[in-house]
Amino acid sequence: MTFKAIYPAATKFKYIVETITKALDEIPFMATAEGLYVKSLSPDKTTMLVLTMPVTTFEEYNVEKDKVVFVVPSDELKRAAKRGTRNDMVELVLEEDQRRLKMTFIDKKTGVTRTFYIPLREAVVEELNEPQVELNVVARLNADDFKNIVRDAKIVSDEVEFTAHEDRLEAHSLSMQKEYRCIMEIGNPLITYEVKGNPPIRAKYAIDLLQASLKAASTADTVTVEFGEALPMKLTFDLPGGSTLVYWVSPRV
Amino acid sequence: MPKRIPASLCVRCKGYKKLCGLTSCPILDRFRAQVSSVTKLGPRPLELQGSTPPSLVVGEQGYPKVPILFNVPPQVYGEDAKTYDYPLLWWAQRYSLRKIIELRSYLVSSILKFHIKDPWKLYEKELSIAAISVKPTDSEVKLQKPPIPQLSFDGILAPHGPSAPASSVRIVSNPKPPRVLEKLVWDDVKASEAVWLLYKEKVDFYTIVRAFSLGLLGVKRNRRLVPTRWAITAVDSAIAAKLLENVKSEDKVVDYIEVYNASYLGNRFTIILFPGPYRLEMVEIWHPFTVWTQNTKQPILHWVREDRPNRFTEIDGGFMAARLSVIEHLAKRRRQATVLIIREITPDYYAPVGNWHIRLTTAHALSQPILKSNDVKEVVKVLSAKIRDDRLLNTIIKTSKVFNNLYAQRKLDHYFRTG
């Protein structure tokens with residue numbers, strides 16, 4: 001046993017798993033002394049997902065090496081994670097010699113345990129950096145509001161342009177004879193808003209790529225949107241229990 | 001002096017939409033006159049006996065009172081008759097255009113007229129059952145007059161031979177419809193659901209089309225005869241819609257840019273799958289001297305796009321056929337892809353024989369990629385070798401929305417390097 005962790009709420013764990021399995025075939029977990037991470041670049045290199053579950057989000061956390069890496073098939077993990085109920089906590093134990101991940105649901109009231117063994121995948125996990133860019137626009141809003149903007153814009157076109165002015169953020173989408181514009185200001189619906197540099201700052205994104213992040217929006221309360229002039233967009237979702245999910249979306253030029 | 005019809009219009013119309021405003025297509029009329037039927041009716045030309053492969057076409061002229069063309073190769077019985085309407089076999093044996101036309105010209109079409117609201121009348125006469133049989137069914141036909149030895153051609157349907165109005169059509173052996181289809185005839189299931197069930201049970205595509213066309217599927221009180229041309233496109237899109245639901249729910253995309261290629265009957269297909277959400281774009285390149293471009297010196301390009309799933313710039317039978325094969329491929333791989341299909345039509349395709357070969361050739365092409373790469377330049381190099389006309393290729397790349405998106409969409413690794 002090189003890695004063992006107990007996550008206190010099986011339903012929250014289920015949401016987190018559902019979010020990442022939506023985007024990935026295989027989930028490359030990396031456990032370090034600081035926490036459990038997933039970092040993956042989509043095959044077409046247009047989006048990147050970074051999940052961070054710090055040690056503090058776990059009830060018990062133990063990793064025997066500096067870094068333990070294991071790859072789990074997403075459909076198997078999802079199927080097992082779905083079986084968790086609100087009374088359960090989840091115990092994850094990596095059995096490296098058996099090449100499997102042991103996932104046990106422990107009923108907090110009755111102590112009944114149910115165990116699933118998920119076979120590991122043989123795969124090479126690439127060390128990935130996150131994009132090194134300075135993003136001058138930072139806005140925080142309700143995850144549901146963000147979801148609505150993306151869905152609205154999709155009715156009109158397959159891309160949406162975000163423009164940051166000093167006092168407002170605009171989402172604009174345009175196609176033949178159709179146009180959509182959403183103006184966001186502090187309090188309506190932006191919770192916080194900050195622009196550095198010289199506004200207006202513009203960047204365009206494919207709606208389909210933004211949509212891939214919406215599953216996370218249903219789990220998170222708020223989302224922090226960051227972007228710069230024709231630079232990637234960084235969407236940070238605060239997930240239940242202190243975990244964060246970052247989605248990087250590359251721009252259109 | 002008659003007005004000259006631009007070839008670009010003919011390429012869009014394919015003799016079917018009557019975009020030139022004439023009541024019948026002058027190109028097809030001219031072509032029909034050149035190709036004569038080789039049918040031998042024997043000493044009694046009004047009496048016709050033989051097995052239907054099965055082959056039955058619902059026409060659309062005079063809608064809602066439509067002609068039903070019951071096709072029989074005279075004096076051909078049993079399994080031998082099957083060859084006359086068997087696109088899968090034609091394709092598998094790589095029959096030439098000449099051979100297909102010859103085969104089809106043997107078929108005699110006896111015409112009956114029915115109102116679209118009377119599908120059960122056809123059923124009572126056992127014509128519907130014979131049409132969905134898995135094996136040829138013996139029949140006896142009495143014609144009102146000797147058939148005119150001419151073929152008719154179409155962009156969606158296979159050509160059919162001489163035809164004459166029939167006074168009676170009798171089925172004389174037992175038809176054998178697929179069991180699942182026999183059950184669905186008596187079930188009150190929505191037509192799209194029924195089509196999906198049959199597809200899942202691996203019932204032959206054209207049997208599903210004939211069942212759909214003859215009003216054997218759907219909610220009972222809404223059943224209608226559906227012209228076969230419409231039915232082919234309807235079945236193509238009903239199956240594709242179901243498969244597409246699965247494809248769209250997949251968040252995974254193909255890992256590389258993949259290029260596929262195949263050709264048959266003077267049609268060259270190059271299919272390119274790009275990593276990305278499901279979108280489909282098809283360009284038809286009609287080279288000079290094909291059936292629709294007799295008088296042009298330059299290739300004519302015809303674009304059809306599905307900018308968003310199930311939203312088309314126009315409904316084109318060939319596009320829908322190729323689309324089904326592509327969606328089947330993606331559904332099997334559980335991947336999304338942005339797809340560009342390049343269909344080149346060379347002068348070797350001198351007669352339109354329906355859209356079946358498009359469906360089958362694209363499906364075959366997708367069985368093995370000729371290139372897998374993440375380098376667009378490499379892809380362009382392969383395309384250049386296939387299309388053999390750099391100016392034409394440049395025009396395609398400039399006009400293609402798929403290529404435009406590819407160049408416009410930055411990759412994240414660009415920011416790892418510059419960081």
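Each chain gets a letter, A, B and so on, in the order the sequences are listed, and its residues count up from 1. Note that the structure is a prediction, hence the values are computed from the model and not measured.
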Exercise. What option among D158(A), I155(A), V249(A) has the most heavy-atom pairs under 4.5 Å with chain B?
Worked result: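 Between D158(A), I155(A), V249(A), the count favours I155(A).
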Problem set entry | Interface residue of largest heavy-atom contact number with chain B, from Q211(A), K154(A), E134(A), under 4.5 Å |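 Among Q211(A), K154(A), E134(A), the one with the most close pairs to chain B is K154(A).
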Answer yes or no: are there more than 12 heavy-atom neighbours, outside [X] itself, under 6.0 Å from its atom [atom1]?
{"X": "R12(B)", "atom1": "CZ", "answer": "no"}
{"X": "K398(B)", "atom1": "NZ", "answer": "no"}
{"X": "D389(B)", "atom1": "CG", "answer": "yes"}
{"X": "R334(B)", "atom1": "CZ", "answer": "no"}
{"X": "K12(A)", "atom1": "NZ", "answer": "no"}
{"X": "N310(B)", "atom1": "CG", "answer": "yes"}

Problem set entry | Residue E130(A) versus chain B: region with a heavy atom under 4.5 Å |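 For E130(A), backbone heavy atoms alone lie under 4.5 Å from chain B.
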Exercise. With a 4.5 angstrom heavy-atom cut-off, which part of S175(A) approaches chain B: side chain, backbone, both or neither?
Worked result: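 No part of it gets close to chain B.
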Exercise. Under the ring-ring contact (aromatic ring centres under 6.0 Å, His included) test, which residues partner F312(B), sequence neighbours left out?
Worked result: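 Applying ring-ring contact (aromatic ring centres under 6.0 Å, His included) to F312(B) gives F319(B).
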Exercise. With sequence neighbours left out, what residues match Y180(A) under ring-ring contact (aromatic ring centres under 6.0 Å, His included)?
Worked result: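 Here no residue qualifies.
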Exercise. Does the side-chain contact (heavy atoms from CB on, under 4.5 Å) test come out yes or no for V133(A) and F416(B), once each step is laid out?
Worked result: CA-CA 9 Å; V133(A) 284; F416(B) 301 154; over 6 Å; no
For [X] and [Y], work out which heavy atoms get closest and say how close.
{"X": "Y415(B)", "Y": "A230(A)", "value": "OH-O, 3.5 Å"}
{"X": "Y407(B)", "Y": "V253(A)", "value": "O-CG2, 4.3 Å"}
{"X": "T47(A)", "Y": "L412(B)", "value": "C-CD1, 3.5 Å"}

Problem set entry | Nearest-0.5 Å distance that lies between atom NZ in K411(B) and atom CG in L41(A) |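 K411(B) atom NZ to L41(A) atom CG measures 10.0 Å (nearest 0.5 Å).
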Problem set entry | Polar contact flag, side-chain donor to acceptor under 3.5 angstrom, T46(A)-Q409(B) |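 No, no side-chain donor-acceptor pair sits under 3.5 Å.
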Exercise. Does some side-chain heavy atom of R410(B) sit less than 4.5 Å from a side-chain heavy atom of P251(A)?
Worked result: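 Side chain of P251(A) against side chain of R410(B), heavy atoms only: contact under 4.5 Å found.
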Exercise. Would you say Y278(B) and D208(A) make side-chain contact, with heavy atoms under 4.5 Å?
Worked result: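 The answer is no, as the side chains (C-beta and beyond) never meet within the 4.5 Å cut-off.
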